[in-house]
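Just so you know, residue 1 is the first one in the sequence shown, and it goes up from there.
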Amino acid sequence: MNRYKKIAILVCVFLTALNIVACGQVKGDEVVNTDESSARQQESSEQTVEGADSEIKEEETANADESSANQQERNAQNINLEAEEDKTTRAEESNAQTEENIDTEMTTEELLDLFINGSIHAISSEDLASAFYITDLDMDSEEWDSYSIGERADLDNDGENELIICGPYGGIYLDARGGKVYEFAVGEGDSLVLSYVFYNGSTWIMYSNRMHTGYEAYHMEKFEGADNLVAEMDFYEELVDEDNVEGKEKYMLNGAEISYDEYFELCSKIFATEVTTTK
């Protein structure tokens with residue numbers, strides 16, 4: 001082998017060695033970079049998991065706080081409801097105890113005062129098993145159907161006063177006897193508007209119906225004691241032809257037709273003494 005060929009071979013060997021070293025460095029860098037990237041990726045995943053865990057914990061904490069607040073609110077509502085029910089129960093028990101302790105010899109005025117004070121109830125005239133307290137009525141408001149305490153008058157001619165609760169359609173008249181308060185008369189609508197009158201020396205309860213043009217009807221009741229009806233009277237006027245409002249009218253008293261003059265005289269006596277008890 002000549003000298004030049006040896007030199008060429010040595011150069012090739014040297015270049016090959018350099019190339020191998022360079023490749024090793026590149027692969028090393030790639031391994032290092034791969035390891036670093038893997039480490040960074042793992043760290044990022046761990047941070048993501050930690051962040052998610054933190055958000056979950058925060059959400060759980062917030063939900064727990066909200067649930068606790070809702071529970072506290074429900075507890076407060078239950079406490080208020082129980083307190084209101086307890087208050088109502090105590091009031092009812094107190095009223096019941098008051099009614100049990102009522103002396104049957106109490107005067108009419110005393111019994112009516114107890115009703116006004118809300119201590120005892122009144123028994124309905126239509127259903128003796130039904131009762132109401134004064135607090136069940138809308139008292140002294142500005143509404144048309146509210147009630148107010150009226151005067152006391154002897155409405156059943158027994159020498160003792162009844163209590164008038166002024167209100168819609170003439171309100172309610174209350175009678176007291178036997179240690180209890182009873183509904184004596186009540187207005188029940190436009191066709192049964194309650195009032196009372198003085199006629200022939202006695203007090204009469206009157207119900208009026210003035211709902212329709214050309215028609216007026218009145219029913220009167222006389223009592224001697226609230227549970228003792230002794231006389232009734234009906235009178236009315238109506239058109240002979242209800243379709244002709246300008247036509248002739250007829251006048252009736254207790255089912256018999258009377259003249260206009262007789263009807264006019266009767267009405268003049270009655271309505272001159274009428275006491276209306278709407279509010």
Side-chain angles (χ1 to χ4, degrees), residues 122 124-127 130 132 137-157 162-175 182-279:
S124 172
S125 59
E126 295 183 354
D127 181 6
S130 178
F132 62 92
L137 305 176
D138 179 12
M139 300 296 295
D140 298 312
S141 75
E142 297 300 322
E143 300 299 327
W144 72 272
D145 58 350
S146 64
Y147 296 85
S148 62
I149 303 298
E151 65 177 351
R152 302 185 189 195
D154 183 9
L155 304 175
D156 60 2
N157 306 291
E162 281 66 52
L163 173 65
I164 297 172
I165 306 294
C166 299
Y169 311 117
I172 305 169
Y173 300 165
L174 298 174
D175 177 65
Y182 294 88
E183 187 180 76
F184 169 47
V186 58
E188 297 183 12
D190 290 328
S191 63
L192 290 170
V193 178
L194 181 62
S195 62
Y196 68 95
V197 300
F198 298 100
Y199 178 67
N200 285 347
S202 299
T203 302
W204 295 63
I205 303 299
M206 184 166 72
Y207 297 93
S208 304
N209 181 355
R210 300 183 179 98
M211 289 182 62
H212 307 292
T213 301
Y215 177 80
E216 292 183 1
Y218 306 93
H219 174 73
M220 291 171 51
E221 297 177 345
K222 176 184 174 183
F223 291 83
E224 292 179 359
D227 55 352
N228 184 25
L229 176 63
V230 296
E232 295 181 78
M233 185 168 66
D234 293 283
F235 59 100
Y236 64 90
E237 63 177 274
E238 65 179 357
L239 293 168
V240 174
D241 180 3
E242 62 181 15
D243 294 325
N244 181 10
V245 295
E246 301 296 331
K248 185 178 179 181
E249 294 178 328
K250 66 177 180 179
Y251 307 93
M252 306 293 294
L253 172 63
N254 295 329
E257 187 170 358
I258 60 176
S259 68
Y260 168 78
D261 290 338
E262 291 172 316
Y263 186 82
F264 179 79
E265 182 180 0
L266 174 67
C267 290
S268 297
K269 290 180 180 179
I270 290 173
F271 295 127
T273 63
E274 182 186 16
V275 178
T276 58
T277 51
T278 54
K279 186 175 178 182

Report, one line per pair, each donor and acceptor closer than 3.5 Å where one atom sits in a side chain of residues 187-196; sequence neighbours left out.
{"from": "Ser195", "atom 1": "OG", "to": "Glu274", "atom 2": "OE2", "distance (Å)": "2.8"}
{"from": "Tyr196", "atom 1": "OH", "to": "Glu151", "atom 2": "OE2", "distance (Å)": "2.4"}

> Taking only residues two or more places apart in sequence, or in another chain, which ones meet Glu257 in a side-chain contact (heavy atoms from CB on, under 4.5 Å)?
Replying inline: Lys250, Met252

> Taking atom types as modelled and ignoring hydrogens, do the side chains of Tyr251 and Glu249 form a donor-acceptor contact shorter than 3.5 angstrom?
Replying inline: yes

> Going by atom types alone, do Tyr182 and Ser124 pair a side-chain donor with an acceptor below 3.5 Å?
Replying inline: no

>> As a quick check of understanding, evaluate side chain to side chain contact (heavy atoms under 4.5 Å, CB included) for Met139 and Ile149, giving each step before the final call.
In response: CA-CA 8 Å; Met139 300 296 295; Ile149 303 298; 3.8 Å; yes

>> Just checking Phe264: does its CZ atom have more than 12 heavy atoms from other residues, nucleotides or ligands closer to it than 6.0 angstrom?
In response: no

> Just wondering, more than 12 heavy atoms not from Tyr260 lying within 6.0 Å of its OH?
Replying inline: no

> In chain order, what residues pass the side chain to side chain donor-acceptor pair (under 3.5 Å) check against Glu265, with sequence neighbours excluded?
Replying inline: none

> Could you walk me through whether Asn254 and Phe235 pass the side chain to side chain contact (heavy atoms under 4.5 Å, CB included) check?
Replying inline: CA-CA 6 Å; Asn254 295 329; Phe235 59 100; over 6 Å; no

>> Tell me every residue that passes salt bridge (Lys or Arg N to Asp or Glu O under 4.0 Å) with Asp175, counting only those two or more places apart in sequence or in another chain.
In response: Arg177

>> I'd like to know if the side chain of Thr273 and the backbone of Phe198 have a donor-acceptor N/O pair within less than 3.5 Å.
In response: yes

> Just by distance, do the side chain of Ser146 and the backbone of Glu142 share a donor-acceptor pair under 3.5 Å?
Replying inline: no

>> I'd like to know whether Ile164 forms a side chain to side chain contact (heavy atoms under 4.5 Å, CB included) with Val275, so could you lay out the CA-CA distance, the side-chain angles of the two residues, the decisive distance to 0.1 Å, and finally the verdict.
In response: CA-CA 11 Å; Ile164 297 172; Val275 178; 5.9 Å; no

Identify all side-chain donor-acceptor contacts of residues 207-216 below 3.5 Å with residues at least two apart in sequence or on another chain.
{"from": "Asn209", "atom 1": "OD1", "to": "Met211", "atom 2": "N", "distance (Å)": "3.1"}
{"from": "Arg210", "atom 1": "NE", "to": "Tyr218", "atom 2": "OH", "distance (Å)": "3.0"}
{"from": "Glu216", "atom 1": "OE1", "to": "Tyr218", "atom 2": "OH", "distance (Å)": "2.7"}

I'd like a table of donor-acceptor pairs (distance under 3.5 Å, sequence neighbours excluded) in which one partner is a side-chain atom from residues 221-231, with atom names and distances.
{"from": "Glu221", "atom 1": "OE2", "to": "His219", "atom 2": "NE2", "distance (Å)": "3.1"}
{"from": "Lys222", "atom 1": "NZ", "to": "Ser202", "atom 2": "OG", "distance (Å)": "3.4"}
{"from": "Asn228", "atom 1": "ND2", "to": "Glu224", "atom 2": "O", "distance (Å)": "3.2"}

